Amino acid sequence: MTQTDGAATAPQAADPGPRKSSWKYIGPGIVVAATGVGAGDLVATLIAGSKFGYTLLWAAVIGCLVKISLAEATGRWHLATGRTIFEGWRSLGRWTTWYFAVYIVVWGFVYGATAMSSSALPIVALFPDGPGLKVWAAITGILGLVFVWFNRYAVFEKVMTAMIGVMFVVVVYVAVRVGPSLPKTFAGLVPALPDGSLLYTLGIVGGVGGTITMAAYGYWVNAKGWTTPAWMKVMRLDNRVAYVTTGIFVVAMLIIGAELLHSTNIVLTSGDKGLVDLGDVLEQRFGSATATLFLVGFFATSFSSLIGVWHGVSLMFADFVERLRKEAVRAEAAEEGGAAEVAKGEREKSVPFRAYLLWLTFPPMALLFLDQPFGLVLVYGVLGAFFMPFLAFTLIALLNSRRTPDEWRNGWLSNIMLAAAGLLFVVLCVQQIRELF
């Protein structure tokens, strides 16, 4: 049986799984939370808070539910079938391969420069007399490359856990420090759409933590050693922890925007530089110690996203290349399935994994020293806008078909949530393309 015949296959490896779901197994969810919440996401949420106060808090809750549904579906596919998400896409037709091939190459090139610049911004703010932004950006990219190149998933997970700990402490501390209004906070849980807030609302629901790292979650689940349905309960607990954590970040940033900026009519720079502006505001309000602590949290947010993508998307690319290679030589698909190979660490040591690491790091440095070519940015924006609808609707197709064992197919709630997510991301996709043109 080949991987493209569409029939469901149970994982081959004998894996009894845990005796019961336990917090001690938590890991991939922490990784996906740390990777998915980037500096740009926090700025967008912060600006929403500065414009509309607590009014859009309910959108953050909806956003968490949407992401939990998407990540759970991805993890369920990997565990129920023993196949990776790319193997699932491949079974839907060659069109998915063409889309993913173009997307991952162009996306990686532009994202590499974006991630390095974002990681460098807080360092420049902390050390203004040191090297400039471009030099620090190149240094952070190389540090990410070296770290991922020489470390396997277990070490990677520990470092990501430490970084999300820093992020959590800093963001929640600042939110508490600005003095949230509990009555307004609870009032913000009631759905409301002030004039001009629709796009901000859609951005909060769909933007924070919503990238290709959603698809990478299944690979991190496998890299953790979870390969069979015996780990399903643990995966679901892990996933909920991830997006509850993400929700806390979003709520905290909305509180900061509402209390620190909305009431004083302070306007931030759009993009990642808005967090540097916030550091200046915090210094004026609370002193240099709080501002420095916030910039450290800003760095943890940005650099964790960088190394998360360096690892997770490289795993996806390595799996992509390996599946095509096996088909090219007309070989039978691995009996264990790609999930088992990821669990063994085979992908992390492969040439395609390391080649994509190099692609994420060195070619994008050209964009640090040159103005980003308009055409490239345009293609990047269009492809990126289509990815989340692509993920949502392909998951519906995979998890409602005979590719998935009966026990683990979608129920009515999963279908409703995935369909709602898909429609939401279509709206965001159309809006993003309109902005590009």
Side-chain angles (χ1 to χ4, degrees), residues 33-34 37-54 57 60 114-137 139-140 143-144 159-181 184-185 204 208 245-307:
V37 181
D41 294 317
L42 294 185
V43 171
T45 307
L46 188 68
I47 291 175
S50 70
K51 287 180 174 292
F52 303 105
Y54 292 88
L57 193 60
T114 302
M116 288 186 274
S117 296
S118 179
S119 297
L121 278 169
I123 301 177
V124 172
L126 287 167
F127 306 103
D129 297 327
L133 178 68
K134 295 172 183 177
V135 174
W136 276 120
I139 290 172
T140 60
L143 286 175
V159 171
M160 292 292 275
T161 300
M163 287 195 172
I164 202 170
V166 173
M167 293 162 57
F168 187 91
V169 169
V170 169
V171 172
V172 172
Y173 165 77
V174 174
V176 172
R177 189 76 190 271
V178 300
S181 167
K184 291 181 180 178
T185 301
I204 291 173
V208 179
T245 303
T246 301
I248 291 172
F249 286 136
V250 177
V251 169
M253 291 305 288
L254 273 170
I255 289 171
I256 293 168
E259 292 293 340
L260 198 62
L261 307 176
H262 181 65
S263 59
T264 54
N265 295 317
I266 296 175
V267 179
L268 299 182
T269 305
S270 62
D272 296 352
K273 290 183 180 179
L275 292 184
V276 177
D277 291 348
L278 180 59
D280 295 337
V281 174
L282 289 170
E283 184 171 8
Q284 295 172 10
R285 178 86 174 265
F286 301 113
S288 60
T290 298
T292 299
L293 183 64
F294 177 77
L295 290 173
V296 170
F298 177 6
F299 174 76
T301 300
S302 298
F303 193 65
S304 63
S305 292
L306 185 152
I307 62 174

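This one's a predicted model, so the numbers in the text were calculated from it and none came from an experiment.
- Here the shortest heavy-atom pairing between Pro122 and Phe298 reads CB-CD2, 3.7 Å.
- The CZ atom of Phe294 sits 11.0 Å away from atom CG of Leu126, with the distance rounded to the nearest 0.5 Å.
- Here the straight-line distance linking atom CG of Leu143 with atom CG of Leu306 works out to 9.5 Å at 0.5 Å rounding.
- Residues Gly279 and Ala291 approach most closely at O-CB, 3.4 Å, considering heavy atoms.
- The main-chain N or O of Thr114 is never found under 3.5 Å from a side-chain atom of Ser118 such that the two would form a donor-acceptor pair.
- Counting heavy atoms from C-beta outward, Leu293 and Leu282 have side chains that stay 4.5 Å or more apart.
- Here the closest heavy-atom approach between residue Ala125 and residue Leu295 is recorded as CB-CD1, 3.8 Å.
- For the residue pair Val250 and Ala60, the shortest heavy atom distance occurs at CG1-CB, 3.4 Å.
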Please list, one pair per line, the donor and acceptor atoms closer than 3.5 Å that link side chains of residues 166-179 to other protein atoms, with sequence neighbours excluded.
from: Tyr173; atom 1: OH; to: Arg177; atom 2: NH1; distance (Å): 2.8
from: Arg177; atom 1: NH1; to: Thr290; atom 2: OG1; distance (Å): 2.9

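- By the ring pair (Phe, Tyr, Trp, His ring centres under 6.0 Å) test, Phe52 pairs with Tyr200, sequence neighbours left out.
- Scanning for side chain to side chain contact (heavy atoms under 4.5 Å, CB included) contacts around Gln284 gives an empty result, with sequence neighbours left out.
- Considering every non-hydrogen atom in both Tyr54 and Glu259, the closest pair reads OH-OE2, 2.5 Å.
- For Thr161, the side chain to side chain contact (heavy atoms under 4.5 Å, CB included) criterion is met by Ile30, Glu157, not counting sequence neighbours.
- For the atom pair CD (Glu283) and OG1 (Thr292), the distance works out to 7.0 Å, reported to the nearest 0.5 Å.
- Here the CH2 atom belonging to Trp136 is positioned 12.0 Å from the OG atom belonging to Ser119, to the nearest 0.5 angstrom.
- In this structure, Thr45 contributes its side chain and Met253 its backbone to no donor-acceptor pair below 3.5 Å.
- Atom OG1 in Thr246 sits 6.5 Å away from atom CD1 in Ile164 (nearest 0.5 Å).
- In this structure, CG in Leu260 is found 12.0 Å from CD1 in Ile255, a value given to the nearest 0.5 Å.
- In this structure, Thr140 contributes its side chain and Ala137 its backbone to a donor-acceptor pair below 3.5 Å.
- By the ring pair (Phe, Tyr, Trp, His ring centres under 6.0 Å) test, Phe303 pairs with Phe299, sequence neighbours left out.
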